[in-house]
2 protein chains.
Amino acid sequence: MRVLSKATVYGLRALVYMASERERTGYVSIGEISERLNISFHFLTKTFQTLTQHGILESYRGPNGGVALTKPADQLFLTDIVHVLEGVDFFDKCLLGLPGCGTFAPCPVHDFWKAAKEAMKNEFDNTSLAELGEKVTDERFRLVA
Amino acid sequence: MRVLSKATVYGLRALVYMASERERTGYVSIGEISERLNISFHFLTKTFQTLTQHGILESYRGPNGGVALTKPADQLFLTDIVHVLEGVDFFDKCLLGLPGCGTFAPCPVHDFWKAAKEAMKNEFDNTSLAELGEKVTDERFRLVA
DNA sequence: TAGTTTTGGGACAAAATTGTCTTAAATATA
DNA sequence: TATATTTAAGACAATTTTGTCCCAAAACTA
């Protein structure tokens, strides 16, 4: 079950890492993140460029440069990131891949899947990077194998 | 959100179609299914070969040949098909892609995702091809765009 | 037996995803 | 100014997924 692409998975892990560095101020370099989380630097850079272009991150070049969240981590939710990296129709896909599957022309698993998606969307809508970052800071949860 | 591969999606649609042809006896040809559901014949054939090799389908060559469910459709559940086409670890994947993510070493979204997966697994465990086939036969639900 | 129909299986191609590399641009510091 | 650091951007390669094609094997029919 691969719900999120690698790009999204890496992006999310990296953002939660940033949120977990609570007392830190200023920019965090992509190099640091990729090292700490064991993610390909170049691949992460591309994902971060997308996030920067869509207003999730701001970046700054040069020494002591890096990336920073554009908003406090408690105002950035999983849905925001997923919408940028997976598309705004992320929570609107038929389990059987039928285009236009909906109440008026449902596939046989539509009712169940609609409820499952709603539960997931609800969780994504209400889970902030801050919340996940705290879990990591407070040590019971991990971001790396 | 792409939970199932195309191979699985096509396989499931095709199996539900077979289950929906209630009064039919004997083998159904892959050609018929691929035409009716608008699925690539060769691609579906490969997926069906996998299902045959794993005991979900039996096949028979020659005129009036085709494939047939090895069990009554009310004894074949979504989990059975998904286990064959996606792997037995389908319901055991970390949302953030961390290997070995579990109670003892969870990622920050582990608790939520565990519950979401369990709900999905429960539904897959208890939804038979017969049930879905009936929905299609009884006309309110569709298998094709 | 010859010809047709159908699945089996493999080779192969196309497309999407993932990953790597190089160079440029911006910024800081010495 | 020269050098080092860091993101930006795009080319490119590797891998996986998806899709196509061909021919063999099995089975039926005439």
Side-chain angles (χ1 to χ4, degrees), chain A residues 1-15 18 24 26-70 82 85-87 90 93 96-97, chain B residues 1-15 18 26-70 82 84-87 90 93 96-97:
Chain A
M1 178 156 32
R2 149 243 226 343
V3 171
L4 303 171
S5 68
K6 296 261 192 186
T8 301
V9 159
Y10 295 157
L12 278 178
R13 299 217 291 245
L15 290 171
M18 291 173 69
R24 246 168 88 204
Y27 297 97
V28 183
S29 80
I30 304 177
E32 173 193 332
I33 301 172
S34 72
E35 266 181 36
R36 297 286 290 269
L37 299 188
N38 213 12
I39 298 172
S40 151
F41 167 76
H42 293 287
F43 197 63
L44 182 59
T45 294
K46 285 203 300 189
T47 299
F48 268 6
Q49 283 172 13
T50 304
L51 291 170
T52 299
Q53 286 156 3
H54 287 81
I56 305 285
L57 292 175
E58 66 179 305
S59 65
Y60 199 84
R61 305 191 204 189
N64 301 311
V67 292
L69 302 175
T70 54
V82 160
L85 296 180
E86 300 274 348
F90 180 73
K93 296 285 185 61
L96 295 186
Chain B
M1 179 158 31
R2 150 242 223 352
V3 171
L4 302 171
S5 68
K6 295 261 191 187
T8 301
V9 158
Y10 295 157
L12 279 177
R13 299 216 291 245
L15 290 171
M18 292 173 68
Y27 297 97
V28 182
S29 81
I30 304 176
E32 172 193 332
I33 301 171
S34 73
E35 267 181 36
R36 297 284 291 271
L37 299 188
N38 213 14
I39 298 172
S40 152
F41 168 76
H42 292 286
F43 197 62
L44 182 58
T45 294
K46 284 202 302 187
T47 299
F48 268 6
Q49 284 171 13
T50 304
L51 291 170
T52 300
Q53 287 155 2
H54 286 82
I56 305 287
L57 293 175
E58 67 179 306
S59 64
Y60 199 83
R61 304 190 206 191
N64 301 311
V67 291
L69 301 176
T70 53
V82 160
V84 168
L85 296 180
E86 299 275 348
F90 180 73
K93 296 283 184 62
L96 295 186

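Computed from a predicted structure; not experimentally measured.
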Practice prompt. Return the value, rounded to whole Å, for the distance between atom CZ of A:Phe41 and atom P of C:dT20.
Written response: 12 Å

Worksheet entry | Interatomic distance where CG belongs to A:Leu85 and P belongs to C:dT18 [whole Å] | 11 Å

Item to complete: Under 4.0 Å from any atom of DNA chain C, heavy atoms only: list the residues of residues 43-60 of chain A that qualify, in numerical order.
Response: A:Phe43, A:Lys46, A:Tyr60

Item to complete: Check the distance between C:dG19's C1' and A:His42's NE2 and give it to me in whole angstrom.
Response: 10 Å

Worksheet item: B:Ile30 has an atom CD1; how far is it from atom P of C:dT6, in whole Å?
Response: 11 Å

Worksheet, complete the sentence: Heavy-atom nearest nucleotide on DNA chain C taken for A:Leu4 and for A:Gly62; more 5' hit belongs to A:Leu4

Worksheet item: Got B:Leu37 and B:Leu44 here, is their nearest side-chain heavy-atom distance under 4.5 Å?
Response: no

Worksheet item: Which whole-number value in Å describes the distance from A:Asn64 CG to C:dT29 P?
Response: 7 Å

Practice prompt. Tell me, yes or no, whether the heavy-atom count around B:Lys6 atom NZ, taken from other residues, nucleotides or ligands under 6.0 Å, exceeds 12.
Written response: no

Discussion item. Just to verify, which of A:Phe48, A:Phe43, A:Phe41 counts as forming a side-chain contact (heavy atoms from CB on, under 4.5 Å) with A:Ser34?
Written reply: A:Phe41

Discussion item. I need the CD-P distance between B:Glu35 and C:dT5, as an integer number of Å.
Written reply: 13 Å

Discussion item. Heavy-atom nearest nucleotide on DNA chain C for A:Arg61 versus A:Arg2: which residue maps closer to 5'?
Written reply: A:Arg2

Discussion item. Need two values: the first and the last nucleotide of DNA chain D, 5' to 3', having an atom under 4.0 Å from any heavy-atom of chain B.
Written reply: D:dT17 to D:dC28

Response to the item:
Tightest non-hydrogen contact, residues A:Thr47 and A:Gly11, listed as CG2-CA, 4.0 Å

Fill in: Flag side-chain contact, heavy atom, 4.5 Å: A:Ile33 against A:Tyr10
no

Item to complete: Would you kindly compare B:Pro63 and B:Ser5 by the position of their nearest DNA chain D nucleotide and give the one closer to the 5′ end?
Response: B:Ser5

